[in-house]
Protein chains: 2
Amino acid sequence: MSGYNVAIVGATGAVGARMIKMVEQTSLPVNSVKLLASSRSAGKQLQYNGQPMTVEETVPESFEGIDLALFSAGGSVSKKFAPEAVKRGAVVVDNTSAFRMEPDIPLVVPEVNPEALKNHHGIVANPNCSTIQMVVALEPIRKAFGLKRVIVSTYQAVSGAGNRALKELRDETQAYLDGKEMDAHILPTAGDKKHYPIAFNALPQIDVFEEDGYTHEEWKMIHETKKIMLNDMDSKDIKVTATCVRIPVPVAHSESIYFEVEDPKATVKGIQDVIAKAPGLVLQDDPDHQIYPQAHNAEGSRDTFVGRIRPDQETPQAFQMWDVSDNMLKGAAWNSVQIAETMHKMGLLHMQ
Amino acid sequence: MSGYNVAIVGATGAVGARMIKMVEQTSLPVNSVKLLASSRSAGKQLQYNGQPMTVEETVPESFEGIDLALFSAGGSVSKKFAPEAVKRGAVVVDNTSAFRMEPDIPLVVPEVNPEALKNHHGIVANPNCSTIQMVVALEPIRKAFGLKRVIVSTYQAVSGAGNRALKELRDETQAYLDGKEMDAHILPTAGDKKHYPIAFNALPQIDVFEEDGYTHEEWKMIHETKKIMLNDMDSKDIKVTATCVRIPVPVAHSESIYFEVEDPKATVKGIQDVIAKAPGLVLQDDPDHQIYPQAHNAEGSRDTFVGRIRPDQETPQAFQMWDVSDNMLKGAAWNSVQIAETMHKMGLLHMQ
């Protein structure tokens with residue numbers, strides 16, 4: 001059967017496991033799959049479509065004959081190997097922050113800016129998880145009513161920091177229940193100096209701090225949103241600000257999104273209607289029956305769930321909503337494979 | 001020794017336990033303490049200052065000779081017995097929502113509006129926990145720079161829903177770790193129809209839904225803030241809106257607060273300075289050293305911790321901050337006893 005030769009880089013990680021699943025389920029024609037990781041993880045056995053498969057060490061030659069390379073092994077791995085993959089004829093969909101802010105590298109959420117894919121030069125960047133689920137909900141609102149301003153506070157899952165952070169959450173949680181000390185070694189972010197417990201806590205730090213007191217995660221939400229929606233990471237056409245917080249949830253980010261629209265005729269009903277019809281979104285908004293999105297229910301779904309849409313009672317054209325999605329799927333693995341499927345449909349993906 | 005005769009109504013509850021502790025530690029002269037609860041809890045043994053004390057059933061006659069009655073046993077108990085206590089000469093500090101919106105009943109945070117105590121007619125209302133820790137931080141900002149607008153998203157602890165909810169969090173958490181089903185019977189709110197797990201989840205419902213898609217908790221944050229800061233629950237002088245969310249934290253609420261000030265000269269440094277000097281507040285704001293407030297560290301303290309103060313990079317006179325406090329102490333028991341201490345200093349509390 002003719003199809004694409006696919007490489008998954010970072011196959012042993014938390015996102016890698018979902019990448020494998022999404023490739024198993026993809027509508028793309030797939031000829032072969034290769035699982036790549038660091039030398040430390042090489043030799044490990046994983047499954048693809050029920051068959052055992054050995055993880056190989058990533059080297060430049062790994063990408064010989066590869067048509068599509070899905071990267072999710074950290075920014076430094078992408079910086080080193082993505083150009084090697086492109087040199088050998090592959091299209092790279094990169095789930096790290098390595099290339100997201102490069103002006104000539106498309107940053108794509110297929111429901112929002114698929115046209116940007118046409119300008120790719122081999123690498124397409126997958127946005128940050130917290131950004132994706134927000135813009136997929138804001139885009140139909142922007143199209144219908146115009147968008148002036150966004151203020152978001154996030155409730156982010158621990159899986160965003162990887163498998164070791166997930167284990168830390170479990171270990172700390174059990175220690176707390178047993179009345180023991182909690183040992184923190186990874187969160188809020190492995191690369192920073194201090195570590196704090198996440199179990200039964202809320203940590204207002206995701207990634208390292210940057211200028212003006214914002215974390216890199218907040219910076220990403222602000223600038224990626226502008227690049228995806230307005231094709232300019234510093235655009236002033238929509239004001240965006242963010243507070244990013246980690247909470248003790250394993251999978252699925254929740255977001256409290258405050259937004260102001262241009263159209264004075266915008267109503268809750270009108271916003272609900274565009275959300276209900278938009279691709280990738282599920283409206284769960286029935287307060288009378290206590291229906292609203294929950295992290296607990298979103299795990300495992302490719303959709304983004306939106307509810308609690310309501311007006312600011314004192315500011316015209318201002319609304320709030322609650323937005324929940326599986327950060328490992330729409331926030332990472334699914335959006336990456338969806339980018340590849342979209343490129344295939346647009347004739348931008350080629351078999352060598 | 002001469003001193004006040006104090007009754008604690010709801011002594012067996014989560015807040016009641018803290019009320020006992022706060023009365024043990026109070027600077028008020030205390031002559032006697034009486035622990036009251038429902039008939040179901042009557043006869044239970046608790047400790048006061050290391051001495052065993054039997055809980056009595058609350059009846060109108062319980063308040064004979066009582067100077068100060070601290071109520072925290074639910075709104076219906078307050079509605080029934082607070083007038084009985086007042087009739088018998090007691091001052092009531094009520095920690096339920098029973099009287100908060102009565103125009104002639106003061107709603108008081110001692111750092112913010114102690115003068116309102118002068119207008120009491122026997123009952124003083126203690127505000128909702130999530131409101132108290134927000135206004136105690138906003139008031140010094142309002143005084144220094146003027147305050148135009150507040151947009152808050154909360155990360156609220158489970159203890160706010162009582163001891164049974166705390167047990168539910170523990171039981172669900174252990175079940176999840178053991179790979180078992182989680183049984184939800186109480187949260188999001190005992191009085192509503194459906195119940196959802198809080199362990200490893202985020203629930204965007206606290207209290208029941210009201211008009212416009214807002215929950216009662218959100219309604220309380222909006223209108224109590226206006227009543228405390230502006231003495232008018234419907235004032236338009238400060239715009240306030242809120243999203244209230246329960247997260248799997250046992251004690252201490254966190255809040256992501258966005259606010260706009262009137263003074264164009266307001267700076268992060270200026271705001272940090274007024275927070276650092278204001279009563280009841282501790283500034284924890286040093287991103288370079290990963291210093292910011294955390295629920296895990298706030299438990300057991302009477303203070304409210306504020307950090308992550310930073311400017312909205314695109315909207316002038318707009319800032320964000322992260323505000324954390326023990327919801328059972330400043331949010332409930334301590335604020336109630338602090339009200340009594342303040343009344344004592346103002347000559348508004350009397351021994352019979």
Side-chain angles (χ1 to χ4, degrees), chain A residues 149 151-153 155 169-170 173-174 176-177 182 188 192-194 196-197 199-205 209 212-215 222 236 239-241 243 245 247-250 252 254 256 258 268 285 287-290 292-297 307-315 318 320 322 324, chain B residues 149 151-153 155 169-170 173-174 176-177 182 188 192-194 196-197 199-205 209 212-215 222 236 239-241 243 245 247-250 252 254 256 258 268 285 287-290 292-297 307-315 318 320 322 324:
Chain A
R149 185 179 186 181
I151 300 165
V152 59
S153 292
Y155 302 66
L169 169 63
R170 288 187 76 96
T173 302
Q174 191 62 64
Y176 182 97
L177 291 181
M182 297 191 280
D192 216 334
K193 287 192 197 80
K194 292 183 191 168
Y196 304 121
F200 302 107
N201 199 12
L203 288 172
Q205 182 192 352
F209 280 96
D212 258 6
Y214 282 79
T215 60
I222 294 165
K236 302 283 174 217
K239 291 179 183 181
V240 183
T241 194
T243 299
V245 180
I247 62 166
V249 165
S254 304
S256 169
Y258 183 99
V268 167
D285 197 8
D288 286 347
H289 297 93
Q290 293 176 268
Y292 38 71
Q294 293 179 41
H296 188 61
N297 300 333
R308 299 227 51 212
I309 302 169
R310 60 205 195 280
D312 181 329
Q313 294 164 315
E314 297 174 282
T315 301
Q320 303 186 76
W322 182 249
V324 179
Chain B
R149 184 178 186 184
I151 300 165
V152 59
S153 292
Y155 303 67
L169 170 63
R170 288 187 76 96
T173 302
Q174 191 62 64
Y176 183 97
L177 290 180
M182 297 191 279
D192 216 335
K193 288 193 197 78
K194 292 183 190 167
Y196 304 121
F200 302 108
N201 200 11
L203 288 173
Q205 182 192 353
F209 280 97
D212 258 7
Y214 282 78
T215 59
I222 295 166
K236 302 284 174 217
K239 292 179 182 179
V240 183
T241 193
T243 299
V245 181
I247 63 167
V249 164
S254 304
S256 169
Y258 183 99
V268 167
D285 196 8
D288 287 348
H289 297 93
Q290 293 176 266
Y292 38 71
Q294 294 178 42
H296 187 62
N297 300 334
R308 299 223 55 210
I309 301 169
R310 59 204 196 279
D312 181 328
Q313 294 164 314
E314 296 175 282
T315 300
Q320 303 186 74
W322 181 249
V324 179

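Protein chains get the first letters and strands the later ones, always in sequence-line order, with residue 1 at the start of each.
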Which answer fits Phe209(A), side chain, backbone, both or neither, if we ask what part of it has an atom under 4.5 Å from a heavy atom of chain B?
side chain

Quick one: does Thr315(B)'s side chain get under 4.5 Å of Arg149(A)'s, heavy atoms only?
yes

Considering only heavy atoms, which portion of Ser153(A) lies under 4.5 Å from any heavy atom of chain B: side chain, backbone, both, or neither?
both

Side chains of Tyr292(A) and Gln205(B): closer than 4.5 Å at any heavy-atom pair?
yes

Among Ile247(A), Val245(A), Asp288(A), who wins on heavy-atom pairs under 4.5 Å with chain B?
Val245(A)

Chain A shares the most heavy-atom pairs under 4.5 Å, among Ala252(B), Pro197(B), Pro287(B), with Pro287(B)

Are any of the side-chain heavy atoms of Lys193(B) and His289(A) separated by less than 4.5 Å?
no

With chain B as the partner, which of Ser254(A), Pro293(A), Ser256(A) has the greatest number of non-hydrogen pairs under 4.5 Å?
Ser256(A)

In terms of heavy-atom pairs under 4.5 Å with chain B, the winner among Ala295(A), Ala199(A), Pro250(A) is Pro250(A)

How would you list, by chain and number, every residue that makes a salt bridge (charged side-chain N to carboxylate O under 4.0 Å, His left out) with Arg310(A), sequence neighbours excluded?
Glu218(B)

For residues Arg170(A) and Leu177(B), determine if any side-chain heavy atom of one lies less than 4.5 Å from a side-chain heavy atom of the other.
yes

Could you tell me which residues satisfy side-chain contact (heavy atoms from CB on, under 4.5 Å) with Asn297(B), sequence neighbours excluded, listed by chain and number?
Gln294(B)

Looking only at Val268(A), Ile222(A), Val240(A), Asp285(A), most heavy-atom pairs under 4.5 Å shared with chain B are made by Val240(A)

Tell me, for Gln290(A) versus chain B, whether the close heavy atoms (under 4.5 Å) come from the side chain, the backbone, both or neither.
both

Answer yes or no: is there a side-chain heavy-atom contact under 4.5 Å between Thr243(A) and Tyr258(B)?
no

For Ala202(A) and Trp322(B), work out which heavy atoms get closest and say how close.
CB-CZ2, 4.2 Å

Top residue by heavy-atom pair count (under 4.5 Å) with chain B, among Arg308(A), Gln313(A), Gln320(A)?
Arg308(A)

Choice from Asp192(A), Val324(A), Thr215(A) maximising heavy atom contacts with chain B below 4.5 Å:
Asp192(A)

Beyond-backbone contact of Thr173(A) with Tyr176(B), side-chain heavy atoms, under 4.5 angstrom
no

Which region of Ile309(B), side chain (C-beta onward) or backbone (N, CA, C, O), has a non-hydrogen atom less than 4.5 Å from a non-hydrogen atom of chain A, or is it both or neither?
neither

